Amino acid sequence: MTGKRLWSWLAVVLGGLYFLLPLVGMFDFSLRMQRDGYSFEAYRIVLTDAQFQQTFGYSVGLALLTIVLGILIVVPTAYFVRLRFPGLRPIVEFITLLPLVIPPIVIVFGYIRIYNTSSILPLTGSWWGTNILLLFGYATLSLPYMYRSVDTGLRTIDIASLTEAAQSLGAGWSRILAIVILPNVFVSVLSGAFLTFAIVIGEYVFAALLNVNSFGPYMVWMGGNRAYEPSALAVVAFIITWACMGLIQLFTRFSKFSTVRR
Amino acid sequence: MAFLDIHHLEKSFGALRVVKDFNLGIEKGEFVSFLGPSGCGKTTVLRMVAGFETPTSGAIRIDGQDVTAAPANRRKIGMVFQAYALFPNLTVEQNIGFGLRVAGEGKTETAKRVAEMLELIGLPRLGSRYPFQLSGGQQQRVALARALAVRPQVLLLDEPLSALDAKIRVSLREEIRRIQRDLGITTIFVTHDQEEALSMSDRVVVMHQGVADQVGTPFEIYNRPATRFVAQFVGTLNLLDADLMDAAAGHIRLGDVPVALNRTLPGRVGDRISLALRPETVALGRREHGSVVLAGHIAEVHFLGSVIRIRVTVAGQLVSLDTFNRPDRPPPAVGTPVEVSVSDRDLLVLAA
Ligand SMILES: Nc1ncnc2c1ncn2[C@@H]1O[C@H](COP(=O)(O)OP(=O)(O)OP(=O)(O)O)[C@@H](O)[C@H]1O
Ligand SMILES: [Mg+2]
């Protein structure tokens, strides 16, 4: 009994070290910019860098837009598939998983081929077009996470009865989605949203190939040209990701009403 | 024409005919129950009236208007579900006010109506709670208030009490009936509980395999069942096999015992028929006038409290009868020879 316990503890400790040591090393390194001991000099330089602020701001904005677009696409789709076409569920699920299977580089080359300047829809030719293309691309990348979490959320409520109750009270589809369905899957939508946020913030391939100055290419450029700042940047990115995860937990815990009990 | 008119309604799912030639007229303010066993199509008819299901053929008219093709959200029909279906993200007040909000009603007007409805269902202080903070009975009251707040033309309830325990079921059904009377709202109530249907309704529709077997007042349904199914499904019933001896004179034979019914019966000599009689119409002992008297002996005695149910073997068949408990007279012992009597009018003849 005690022997078994010892082994499981050992496994946990080893696993923990495996994940934590590189982080500790990176953090340690990021603090050593000045010869005479630890300092946050690298962080100061990174955070005050105009380019950092500009690319980071851009990526945050884009991430938020991606989330909105993702919600607009995924919530009605998942809802109608569950309500009206349950037979289509495996197919839709498969489609939403495709971005995990097809490498982003393939997707973005596809985009460039279809929407290049000599095509019918020359999106890559203009600033607006490129941004829209990037937004749509990111929405695609977010599909697997968004769809899964929203679908799981829909499973916990009786959408058929709620829909019928709302209909008999005079509500149409848009109202049912906005004031009955969305609020009840909001926690699930949020968890999908935070994952999307984390993905979009650090994304490199799409941005680089579409020639957009977002946070991902900035991090890579930094990594190629500086010594201490990239470590500081990595720690910052890491904290952002973990903050997202923490927020998911927080929102799940403190949602005002429980959808589980009925 | 009736206020709610269901006209030759049919519904098939694939090859399965679930509702067959269903006709019904409901007057304004009437309370009608659909009673029938599981799977007989009660919910399907109700959902077609509500607009959640499209009829295969037939028509539904409300107040003279054909609504057969109208979408559910334009029908002005209130619906109460077995599983309550309250919106979990909205408070009780917001739930009740939902329909008014959708209709674009003003804030003060809505608040006034919501308070009125909370008063009506007897929960004036629970307006700010969420559904999960309410008991099942309270949730169903809120669901009723939510359906009624928009002043629908028709109220539909699909087994609203089945998820509740027995005590609350009885008190809530009385309350539903009171509210329905107060508001004078035309109501269809679906149930598979005959006591519910008989005690609440102006009229009962007994459904069987997608067909409305009989439509009538609870009194008619119980005392004059039109079909064998209705007779068996509603209430407890003794069914006895008998042979028809003389249809015109009303002579039959129960085993070896000849019985005179003194009325003309359908069928021909030698036909096998079923005699149906309610336990409460059979009396122990000989009654003088217009009664059929049968001899037998006591087979079982069940003491149920205020009522004693006794089974008597008559001509080789069991007949149940109910007598009231009387403290000064203990029930007869098993095996005692007895006579039972029943008025010939209470002996219903069903085709076998
Ligand atoms: N969407 C559907 N697709 C196929 N068959 C259905 C559908 N809805 C109902 N049925 C079938 O129609 C028949 C009647 O169903 P319905 O729900 O109306 O019965 P019910 O009288 O309400 O029964 P219960 O008392 O169990 O609620 C059943 O045999 C059922 O299997
Ligand atoms: Mg049903």
Side-chain angles (χ1 to χ4, degrees), chain A residues 71 75-76 78-80 82-87 149-193 250-262, chain B residues 43 46-47 49-53 70-92 94-105 128-136 139 142-143 145-158 163:
Chain A
I71 290 173
V75 173
Y79 168 70
F80 280 112
R82 260 194 183 275
L83 190 67
R84 288 273 187 273
F85 316 103
S149 44
V150 169
D151 197 48
T152 313
L154 286 174
R155 193 166 50 207
T156 62
I157 56 172
D158 183 358
I159 55 170
S161 296
L162 291 184
T163 301
E164 287 177 359
Q167 278 181 323
S168 71
L169 292 167
W173 291 118
S174 55
R175 228 189 266 256
I176 291 174
L177 276 166
I179 55 184
V180 177
I181 301 301
L182 191 57
N184 281 303
V185 295
F186 192 63
V187 172
S188 321
V189 167
L190 273 185
S191 73
L250 211 68
F251 273 103
T252 318
R253 193 101 22 104
F254 294 107
S255 69
K256 214 169 20 161
F257 49 89
S258 163
T259 49
V260 182
R261 216 193 110 172
R262 143 182 333 274
Chain B
T43 299
L46 205 70
R47 289 172 56 81
V49 175
F52 301 135
E53 214 78 72
N73 58 352
R74 305 258 177 75
R75 288 198 187 187
K76 303 197 80 181
I77 285 181
M79 181 103 187
V80 175
F81 302 82
Q82 180 178 346
Y84 322 135
L86 293 177
F87 305 123
N89 57 313
L90 303 180
T91 62
V92 167
Q94 290 167 333
N95 263 287
I96 297 175
F98 184 93
L100 300 165
R101 177 177 164 194
V102 168
E105 201 74 59
S128 54
R129 292 221 188 149
Y130 283 96
F132 78 93
Q133 296 167 313
L134 301 178
S135 73
Q139 289 191 53
V142 173
R146 179 180 68 176
L148 292 172
V150 286
R151 301 186 171 88
Q153 291 184 293
V154 177
L155 177 66
L156 308 177
L157 305 107
D158 192 356

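Labels below follow one simple rule: chain letters A, B, ... track the order of the sequence lines, proteins then strands, and each chain is numbered from 1. Predicted, not measured: the structure shown is a model, and the values here were computed from it.
- Annotation: ring-ring contact (aromatic ring centres under 6.0 Å, His included) contacts of B:Phe98 (sequence neighbours excluded): B:Phe87.
- Considering only heavy-atom pairs separated by less than 4.5 Å from chain A, the leading option among B:Met79, B:Arg75, B:Arg74, B:Arg47 is B:Arg47.
- Within the 4.5 Å cutoff, side-chain heavy atoms of A:Leu162 are placed close to those of A:Val180.
- When heavy atoms are compared at a cutoff of 4.5 Å, A:Ala160 does not approach chain B at all.
- Residues that satisfy the ring-ring contact (aromatic ring centres under 6.0 Å, His included) test with A:Phe80, not counting sequence neighbours, are A:Trp173.
- Contact annotation for B:Ala72: both backbone and side-chain heavy atoms come within less than 4.5 Å of a heavy atom of chain A.
- Within 6.0 Å of atom CZ in A:Phe186, 12 or fewer heavy atoms from other residues, nucleotides or ligands are found, so the atom counts as exposed in its surroundings.
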